[in-house]
Amino acid sequence: MDPSLLKERELFKKRALSTPAVEKRTAPSSESTSSKKKRAKLEQGGSSGSKQNTDHSNGSINLKALSGGSGYKFGVLAKIVNYMKTRHQRGDTHPLTLEEILDETQHLDIGLRQKQWLMSEALISNPKIEVIDGKYAFKPKYNLKDKKALLRLLDKHDQRGLGGILLEDIEEGLPNAQKAIKALGDQITFIIRPDKKKILFYNDKSCQFTVDEEFQKLWRSIPVDSMDEEKIEEYLKRQGISSMQEAGPKKIAPIQRRKKPASQKKRRFKTHNDHLAGVLKDYSDVVPGKQ
């Protein structure tokens with residue numbers, strides 16, 4: 001081939017490589033476009049749903065999202081009760097009007113129907129809210145003013161054999177409860193239940209006495225792990241010791257009165273032959289076989 005033609009071919013190749021090529025794309029069909037839109041909507045809905053779930057898991061309730069339904073009403077009620085409990089625990093025990101409560105809980109924008117429901121039904125029937133002269137206050141299980149009231153309550157429970165009181169019930173009704181409990185010191189004691197809840201008891205120091213060491217050894221030397229209550233009772237009887245049940249007051253069985261037999265009334269038979277009275281003859285006294 002002619003060298004000049006070869007040179008022109010090489011130059012043409014170089015120009016072709018340096019020039020960018022643009023491809024013409026085919027127009028997307030309507031079906032693929034609608035499927036993409038649906039997929040985008042689903043992804044958007046899923047992301048919003050996951051966002052709402054994270055809000056609930058964090059403990060914050062979006063009351064506006066529940067607006068219009070019963071969930072919104074009960075959400076407002078729960079927030080009011082929790083707020084009244086919190087202010088009672090910090091020492092604010094004076095009652096508030098509904099408008100004051102809604103103002104302090106930032107719910108002044110609720111509708112008239114929900115306000116009416118709170119006033120006429122929800123708040124007055126709630127066991128943790130009491131109505132005082134048209135106003136509302138928190139109602140704890142034990143309404144305690146100070147540490148002396150707490151000590152009297154624990155002492156009363158101890159004397160009546162009622163045991164202790166849950167710490168959460170005391171914290172609910174006594175403002176600044178932890179400070180009062182710390183100030184009482186060894187006048188009270190507490191135990192922790194298997195469910196990790198603390199129970200406070202009155203520490204009756206009159207019951208604290210020393211037991212002779214020899215008596216303690218005798219007490220601990222008698223094994224009772226393999227014995228049930230019936231065997232222990234039988235053992236005490238053999239030793240001439242009466243059990244607590246026998247020493248207690250005996251129940252007197254009520255006297256059963258005999259029921260009087262009901263008087264047998266003569267049965268009356270209805271007669272249908274009154275118009276033949278004096279005509280018919282009575283044969284009831286005649287013995288059979290005799291004429």
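To the nearest 0.5 Å, atom CG of residue N176 and atom CG of residue L174 are 7.5 Å apart. Taken to the nearest 0.5 Å, the CG atom of L200 stands 5.0 Å off from the CG atom of L167. Note that CD of Q116 is 11.0 Å distant from CD1 of I110, once rounded to the nearest 0.5 Å. Taking CD1 from I80 and CD1 from I129, the interatomic distance works out to 8.0 Å, rounded to the nearest 0.5 Å. Annotation: the span from L154 atom CG to I181 atom CD1 amounts to 8.5 Å, rounded to 0.5 Å. Between the CD atom in Q178 and the NZ atom in K182 there is a gap of 10.0 Å [rounded to 0.5 Å].
Shown here are the salt bridge (Lys or Arg N to Asp or Glu O under 4.0 Å) partners of D133, two or more places apart in sequence or in another chain: there are none. E168 meets the salt bridge (Lys or Arg N to Asp or Glu O under 4.0 Å) test with K197; sequence neighbours excluded. Remark: D155 pairs with Q159 by the side chain to side chain donor-acceptor pair (under 3.5 Å) rule, at least two apart or across chains. Shown here are the salt bridge (Lys or Arg N to Asp or Glu O under 4.0 Å) partners of K128, two or more places apart in sequence or in another chain: E172. Contacts of D169 classified as side chain to side chain donor-acceptor pair (under 3.5 Å), with partners at least two apart in sequence or in another chain: none. Partners of D186 according to the side chain to side chain donor-acceptor pair (under 3.5 Å) rule, which considers only residues two or more places apart in sequence or in another chain, are K205. Evaluation of the salt bridge (Lys or Arg N to Asp or Glu O under 4.0 Å) rule for D195 yields R193 as partners, not counting sequence neighbours.
Hydrophobic clustering, with ILVMFWY side chains joined whenever heavy atoms are under 4.5 angstrom apart, groups W117 together with M119. Cluster annotation: L102 is not connected to L112 through the hydrophobic network of ILVMFWY side chains, with a link wherever side-chain heavy atoms come within less than 4.5 Å. Hydrophobic clustering (side-chain heavy atoms under 4.5 Å, transitive across Ile, Leu, Val, Met, Phe, Trp, Tyr) groups I165 together with I192. Both L123 and F74 are part of a single hydrophobic cluster, where members link through side-chain heavy atoms under 4.5 Å apart.
With side-chain heavy atoms closer than 4.5 Å counting as contact, directly or through intermediates, the hydrophobic cluster containing I199 also holds L166, I191, F201.
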D103 vs L108, test: side chain to side chain contact (heavy atoms under 4.5 Å, CB included). Steps then yes/no.
CA-CA 6 Å; D103 184 20; L108 285 171; 3.6 Å; yes
Show the numbers, then the answer: is there a side chain to side chain contact (heavy atoms under 4.5 Å, CB included) between Y72 and Q114?
CA-CA 9 Å; Y72 176 73; Q114 284 138 1; 3.6 Å; yes
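Among pairs with a residue in residues 145-186, none fulfils ring pair (Phe, Tyr, Trp, His ring centres under 6.0 Å), at least two apart in sequence or across chains.
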Do any side-chain atoms of residues 86-100 form donor-acceptor pairs under 3.5 angstrom with protein atoms, and if so which ones, sequence neighbours left out?
unit_1	atom_1	unit_2	atom_2	d
T86	OG1	N82	O	2.8
R87	NH1	D92	O	3.2
R87	NH1	H94	O	2.9
R87	NH2	H94	O	3.2
R87	NH2	H94	NE2	3.1
H88	NE2	G173	O	3.4
Q89	NE2	E171	O	3.3
R90	NE	D92	OD2	3.0
T97	OG1	E100	N	3.3
T97	OG1	E100	OE1	3.4
E99	OE2	K115	NZ	3.4
E100	OE1	T97	N	3.0

If you look only at distance, which donor and acceptor atoms sit under 3.5 Å apart when one is on a side chain in residues 214-221 and the other is two or more places apart or in another chain?
unit_1	atom_1	unit_2	atom_2	d
Q216	NE2	V211	O	2.9
S221	OG	K217	O	3.4
S221	OG	L218	O	2.8

With a 3.5 Å cut-off and sequence neighbours excluded, list the donor-acceptor pairs that the side chains of residues 137-153 form with protein atoms.
unit_1	atom_1	unit_2	atom_2	d
D146	OD1	K148	N	3.4
D146	OD1	A149	N	3.0

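Residues L77 and L118 come closest through the heavy atom pair CD1-CD2, 4.2 Å.
With Q239 contributing its side chain and L236 its backbone, the two residues share no donor-acceptor pair below 3.5 Å.
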